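Below you'll find the structure, written out as structure tokens, and then a few comments.
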Amino acid sequence: MSTEPASAARLKLWGVRGSIPVPGPATVRYGGNTSCVEVRADGEIIVLDAGSGIRLLGIALEQEFGSRPINLTLLITHAHWDHIQGLPFFLPSYNDKNKVRIFGYNGADTGLREILKGQMATPFFPVKLYDLPSKIDIKKLDTMEFNVGKVQVRAKPMNHPGICVGYRLFTSSGSVAYLPDTEPYDAFKLHSSKSHLLSPEQTRKRAEKERAALVEFLHETDVLLLDTQYTDEEYQEHVGWGHGSLSSAVRLALDAQVRKLLLFHHDPNHSDTTIDAMVENARKIIANGGQRLEVEAAREGAEFALN
Ligand SMILES: [Zn+2]
Ligand SMILES: [Zn+2]
């Protein structure tokens, strides 16, 4: 064990919204940008997803580093638009002093590189991905465990249409789990190409098994950013859409003995007051069960230390 205290890992939220950016007076407190989270740990800059929030992160990084090179790793959960749409506007990509490593898995039918190139191809964008001056290295992951420097990363497929993973980062001062898009398994709705072949009993058993594996994946996470796109009432109208509900998210975090839960991937139709009410409800569920779990809603610009 090192005698030198490592500086605490920290995370900053640059985009917390799901589906589409929603600026305006109703979202001014929690923010309207789509998914992007920055983790600084063990000398690494790790960015989780490239939603529209990554534009602001890029500006902040260029201001911080000035003429010094920026070397960062971007982990993509999946290629739905709200998780990649900010990449063409990421300022560090436009400067040849910088190195941007992008890791992720292939989309349903297309490779990661083709997907990211595709959204910048003519006629969608005036600059092609590989015309950007920075050193961009896109790597398709073929393993569920890997390292970014000294940070150990584990990935896990999520219950979401197409190919989508969640990441857990183990740093020297605690762990962060980032699961922006996933539907509860207890709805018995499995997003798998073969799920229609299962009997109701097989489906129930499979859902139980998948949920238990997810609880294990998240066990004793320090900070969990989890899909809570819907209230419980809204979820009933959106079963099968691939997103989470408030009480299922709280139950999952409790079962996994998570320390802090951040409600994440807010629905574009949710105002700040709706999100406030969801936080209150989450705290009631926890208090009623006599359990302990810190919970708050992810807010654009918020920063957390991991120790
Ligand atoms: Zn999403
Ligand atoms: Zn998605």
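Just so it is clear, the structure is predicted and the values come from calculations on it, not from any experiment. First listed ligand is number 1; within each ligand, the first listed atom is number 1.
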Number of protein N/O/S atoms that sit closer than 2.8 Å to the Zn ion (ligand 1):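 Excluding waters, the total comes to 4.
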Worked check of side chain to side chain contact (heavy atoms under 4.5 Å, CB included) between T73 and I102: CA-CA 6 Å; T73 305; I102 306 176; over 6 Å; no
Sub-6.0 Å ring centroid separation between F125 and F89: yes
N98 (side chain) donor-acceptor with I70 (main chain) under 3.5 angstrom: yes
Side-chain donor-acceptor pairs of residues 157-168 under 3.5 Å, sequence neighbours excluded:
unit_1, atom_1, unit_2, atom_2, d
N159, OD1, H191, N, 2.9
N159, ND2, E183, O, 3.3
N159, ND2, K189, O, 2.8
H160, ND1, G242, O, 2.7
H160, NE2, H78, NE2, 3.4
H160, NE2, H80, ND1, 3.1
H160, NE2, D181, OD2, 3.4
Y167, OH, I76, O, 2.8
R168, NE, S175, OG, 3.3
R168, NE, T221, OG1, 3.3
R168, NH1, F217, O, 2.8
R168, NH1, H219, O, 3.0
R168, NH1, T221, OG1, 3.4
R168, NH2, S175, OG, 3.0
R168, NH2, H219, O, 3.0

Partners meeting side chain to side chain contact (heavy atoms under 4.5 Å, CB included) with E294 (sequence neighbours left out): R259, K260
Using a 3.5 Å cut-off and no angle test, enumerate the donor-acceptor pairs between side-chain atoms of residues 12-28 and protein atoms at least two apart in sequence or in another chain.
unit_1, atom_1, unit_2, atom_2, d
W14, NE1, E38, OE1, 2.9
R17, NE, G31, O, 3.1
R17, NH1, D267, O, 2.9
R17, NH1, H270, O, 3.0
R17, NH2, G31, O, 2.8
S19, OG, Q229, NE2, 3.4
T27, OG1, V22, O, 2.6
T27, OG1, G24, O, 3.3

Contact check: C164 to the Zn ion (ligand 2), N/O/S below 2.8 Å: no
